[in-house]
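Accompanying notes for the structure given below.
Order of the sequence lines fixes the chain letters, A, B, ..., with proteins taken first and strands second; residue numbering starts at 1 for each chain.
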There are 2 protein chains.
Amino acid sequence: MSLPRNTKAKQAVLDEINRSTYALSQPELFERVKGTCDRVTVYRILDRLVAENKIHRIVNVDGTLNYAACIQCDTHNMHAHDHLHFSCIECKKIECLSEQSVQVQLPSHYQIKELFLTISGICPTCQVD
Amino acid sequence: MSLPRNTKAKQAVLDEINRSTYALSQPELFERVKGTCDRVTVYRILDRLVAENKIHRIVNVDGTLNYAACIQCDTHNMHAHDHLHFSCIECKKIECLSEQSVQVQLPSHYQIKELFLTISGICPTCQVD
DNA sequence: TAATTAATGCAACCGAGTTGCGTTTTGCAA
DNA sequence: TTGCAAAACGCAACTCGGTTGCATTAATTA
Ligand SMILES: [Mn+2]
Ligand SMILES: [Mn+2]
Ligand SMILES: [Zn+2]
Ligand SMILES: [Zn+2]
């Protein structure tokens, strides 16, 4: 495998992801780093950051791809995402609920590789009551 | 709301979904009912079947949308999908694991509406050992 | 059988993501 | 410091899943 290089565009994208409290899509990220690089470059940067275990990809309930920082992963250099994601039907934001971990039990002969757990609903910010 | 009508295209799509042991995408479904209707019609039929609670939409781990029959839903006329989905990284098929139900506990002020629980791995058919 | 309108076909469009290729940068070593 | 290999980039073209508008067809119901 080739050794990764650091560029200002890559750093800009990673900064935006780290700064955000919720997961961001490529269009959102491109909007935020506009001027630093081409939109295709954002796609390629995201792929690299995922490969380097710096961020992880979250599929929202409507199929849109979003990217969030790896919090617990990088410390032990392993990529375990057995945590919940919350997708708000109001503000459309999807966030990691790192604290809530879930273990499930499968029928036999099913080999688990990764968990994708997303809950759709209304986030605290969008509560009206 | 307008009352739904039954057409042969709609019935053909529903038959394919009911017949299948795993969830099907629009392109797959269009391929299977080819000749009976236009590809746009398949999209509209799927939207209607979802609205009528006859099928449900499953987002796969790569963001592709798939459709599966509602097994337990239609009997009690409610749409609860708190069951697991299994997505095989070999054959790419995604299926409902209706038996395995999971209840999770959220932080306060999060209002749950729907659960999307998908496990990625290797299905029994694709096991080599 | 006629009227109402849900459903369809078709063409055009949209947006996320990909690919190819020539050019620019980065990191490292001479 | 400079030179080099290849990682990263810009740009244009493309793919593909999905949507929209509108005129036409067909399912229901009286
Ligand atoms: Mn996460
Ligand atoms: Mn299901
Ligand atoms: Zn919200
Ligand atoms: Zn399989």
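With DNA chain D read from its 5' end, the first of the two nearest nucleotides for B:S25 and B:P4 is the one closest to B:S25. When the nearest nucleotides of DNA chain D are assigned to B:D47 and A:D38 by heavy-atom distance, the more 5′-ward of the two goes with A:D38. Residue order along DNA chain C, read from the 5' end via each residue's closest nucleotide, puts B:A9 first among B:A9 and A:P27.
Remark: B:R39 is not in phosphate contact with D:dG18, judged by side-chain N or O atoms under 4.0 Å from OP1 or OP2. Using a 4.0 Å cut-off, no side-chain N or O of B:K10 falls inside it from OP1 or OP2 of D:dA27. Using a 4.0 Å cut-off, some side-chain N or O of A:R48 falls inside it from OP1 or OP2 of D:dC9. The phosphate of D:dA27 (OP1 or OP2) has no side-chain N or O of B:T7 nearer than 4.0 angstrom.
With B:N60 contributing its side chain and B:D62 its backbone, the two residues share no donor-acceptor pair below 3.5 Å.
Looking at residues two or more places apart in sequence or on another chain, you find no side chain to side chain donor-acceptor pair (under 3.5 Å) involving A:K92. For A:S25, the side chain to side chain donor-acceptor pair (under 3.5 Å) test picks out A:E28, with sequence neighbours left out.
In this structure, B:E28 places its CD atom 16 Å from C1' of D:dG18, rounding to the nearest Å. When rounded to the nearest whole Å, the span between NZ of A:K34 and P of D:dG10 equals 14 Å. With rounding to whole Å, B:F30 atom CZ is found 11 Å from D:dG17 atom P. Rounded to whole angstrom, the span from the CG atom of A:N66 across to the P atom of C:dG17 amounts to 9 Å. A straight line from CG of A:N6 to C1' of C:dT26 spans 9 Å, rounded to a whole angstrom. Computed from coordinates, the A:D62 CG to C:dA16 C1' distance equals 12 Å when rounded to whole Å. Here the C1' atom of nucleotide C:dA7 and the CD atom of B:Q11 are 15 Å apart, to the nearest Å. One can place CG of A:L3 at 14 Å from C1' of D:dC4, the figure rounded to the nearest angstrom.
Under 4.0 Å is where a charged nitrogen must lie from a carboxylate oxygen, and between A:K10 and A:E52 at least one such pair does.
You'll find that the side chain of A:K8 is closest to C:dT26, out of C:dC10, D:dG18, C:dT26.
If you check distances only, the side chain of A:R5 does reach the base of D:dA6 with a donor-acceptor pair under 3.5 Å. A donor N or O paired with an acceptor N or O is found under 3.5 Å between the base of D:dG10 and the side-chain atoms of A:R44.
Summarising the geometry of A:I89 relative to A:S120, their closest heavy-atom pair is CG2-OG, 3.3 Å, with the distance given to 0.1 Å.
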